[in-house]
Amino acid sequence: MTEPRPSHVHGADEPPLIEDTIGRHFDARVAARPDALALVVRHEGVRLSYGELAARVDACAAGLLGLGLEPGDRIGIWSPSSTAWVVTQLATAKAGLVLVNVNPAYRATELEHALAQSRCRALVTAPRFKASDYLAILAELAPELAASAPGELAAARLPSLRWVVRTGGEPTPGTLDFADLPARATPASRARLGELAPRLHPTDPVNIQFTSGTTGFPTGATLSHRNILNNGFFVGEAMRLGPEDRLCIPVPLYHCFGMVLGNLACITHGSAMIFPSEAFDPRATLAAVEAERCTALHGVPTMFIAELDHPDFAGFDLSSLRTGIMAGAPCPVAVMKRVVSEMHMAEVTIAYGMTETSPVSFQSSPSDPLARRVSTVGRIQPHLEVKLVDVAGQVVPRGTPGELCTRGYSVMRGYWGDEERTREAIDADGFMHTGDLATLDDEGYCNIVGRLKDLVIRGGENVYPREVEEFLYRHPKVQEVQVFGVPDAKYGEELCAWVKLREGETATEQELRDHCRGRIAHYKVPRYVKLVTEFPMTVTGKVQKYVMRERMRAELARDEAETA
Ligand code: AMP
């Protein structure tokens, strides 16, 4: 008998990695096609060619150096999608600064944590976003700002922060207007920018991303030019992007989905970045695709669902679409099929990854058979290595679930200022332990079966939530479903499903349980089914199962107390 093949795969070693900095690579792209469309920000009425974008980037970079910021300094950005975001991303890379992405949904405590932990010397901030008055939150954290001269902030709670640069065009005490940054450039800072270009190294840190908080604890993954420039490039390769492509980017920029799979994938291929709105809006996204004749569209599964189910969906002409990426969470087969047939995205790909690996390590290819393309996260990306291991660290055979561990150029430098957590995440051999459970088939296609922590063990049986979710998706009244475990005295854990029904539908919890009964193993039939109208989510559209679990646990404890 032949030995079962181990779940250990290596990506292709062609094309070669880009051994360059983001700034130098961007400049080369600009020089190749200065007049090509680079950026459209619909909600700001901005349209820039690569040449025009580069001029803004250089002016901003020289301005940042003119403020006295030094290579290696950290600078935060707290803003929804905007021209300023893209310009700051590229300008900080050119000036050798480390951009710290602050989630637009953060409030005072999280903002303080992000800025203090990374010791930011400057912050670029929007004045407000949705219901959040950013300047009021900043005033609460740094009341000293109002009485400081710009650049001379000395705040007790944010001791490293000197500069607050705000967008939006209204003057505020203590801050510098983003539009005035170019005026801060000096002949010396411009010369410095030129001198820095050849001296910056691809492995220098360029970005700190606080991970999304599906686990509830934000940590700052430190990523280098080499990490994210290459990841953006290979992700764009898998979509077959080229200078004629226009990618609609409704996903947030503070997350790698926006700034790497969106911006850097475009820049490395000379494609155009199209931003439909400040934050995700299904109608604005559909309108942007139609108006700009976008050829590609990104989104987490819930965004595609919101677009497909929008009452005006049928009225939009999406025939220009070809490709795009669905990622960030399990991508239901039924949704993928609708994206192909109803949104014309015949070459849509699924990507899998995590912030700590820049992010993507698996991605499907337009040439994969449709069945594989809609039901797996594809095969391993070039220059990467992945193995699936059991609890003892042994590689599992193909087809058996194991924890996905990634090694190669994409693995982060570490968690900023936290060696202990870095050592817990990246082992001595350089493998990043993702905490995701996956299987690999004989051809190397990967299936994500759930988070290690979300695996439900009911009476000794392992239940992979994804499998039960996929089953419930087949019910015609179900729009979205999330399955997770809740503590149970008898079985250790019981299975619970939160279900969102399609608009106008009604169903009983029993009806949904009956749909499963007899068709999947009894221990996979959810003991609890709850009909809900929304799920707790992060701003990147990731469902927070730990929040649902906690709410359900409290609800069940209350019910039990009432019946006792
Ligand atoms: P983040 O670091 O915020 O990008 O979150 C990464 C996590 O999102 C991964 O560890 C996975 O649990 C999940 N994830 C990302 N992409 C996928 C995908 N295509 N399918 C299933 N889960 C995914």
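One-based numbering, in listed order, for ligands and for the atoms of each.
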His515 ring center near Phe471 ring center (under 6.0 Å): yes

Measure the acute angle between the ring planes of His269 and Phe233, then classify it against the limits of 30° and 60° as parallel, tilted or perpendicular. parallel

Just to check, does Ala351 reach to within less than 4.0 Å of ligand 1 when the distance is taken from its heavy atoms? yes

Between Leu99 and Gln89, is a side-chain contact (heavy atoms from CB on, under 4.5 Å) present by the stated rule, with each step listed? CA-CA 7 Å; Leu99 185 68; Gln89 178 184 352; 4.3 Å; yes

Are side-chain heavy atoms of Glu385 and Phe431 found at a separation under 4.5 Å? yes

Is atom NZ of Lys477 surrounded by more than 12 heavy atoms (other residues, nucleotides or ligands) closer than 6.0 Å? yes

Taking 4.0 Å as the limit for heavy-atom contacts, which would you say applies to Asp436 with ligand 1: side chain only, backbone only, both, or neither? side chain

When you compare the side chain of Val206 with that of Val98, does any pair of heavy atoms fall below 4.5 Å? no

Taking the side chain as everything from C-beta on, heavy atoms only, tell me whether Tyr523 gets closer than 4.5 Å to Leu495. no

Pull out every atom of ligand 1 sitting under 4.0 Å from any heavy atom of Met354, numbered as shown with elements. 2 (O), 4 (O), 6 (C), 10 (O)

Within the 4.0 Å heavy-atom shell around Arg451, which atoms of ligand 1 are there? 10 (O), 12 (O)

Residue Val377 vicinity, atoms of ligand 1 by number, heavy atom under 4.0 Å: 19 (N)

Any His255 heavy atom less than 4.0 Å from ligand 1: yes

Which atoms of ligand 1 sit under 4.0 Å from any heavy atom of Pro330? 20 (N), 21 (C), 22 (N)

What part of Pro359 sits under 4.0 Å from ligand 1 if we count only heavy atoms: the side chain, the backbone, both or neither? neither

Would you check whether Gly328 has a nitrogen or oxygen atom less than 3.5 angstrom from a nitrogen or oxygen atom of ligand 1? yes

Using a 4.0 Å cut-off to any heavy atom of Thr355, which atoms of ligand 1 qualify? 1 (P), 2 (O), 3 (O), 4 (O)

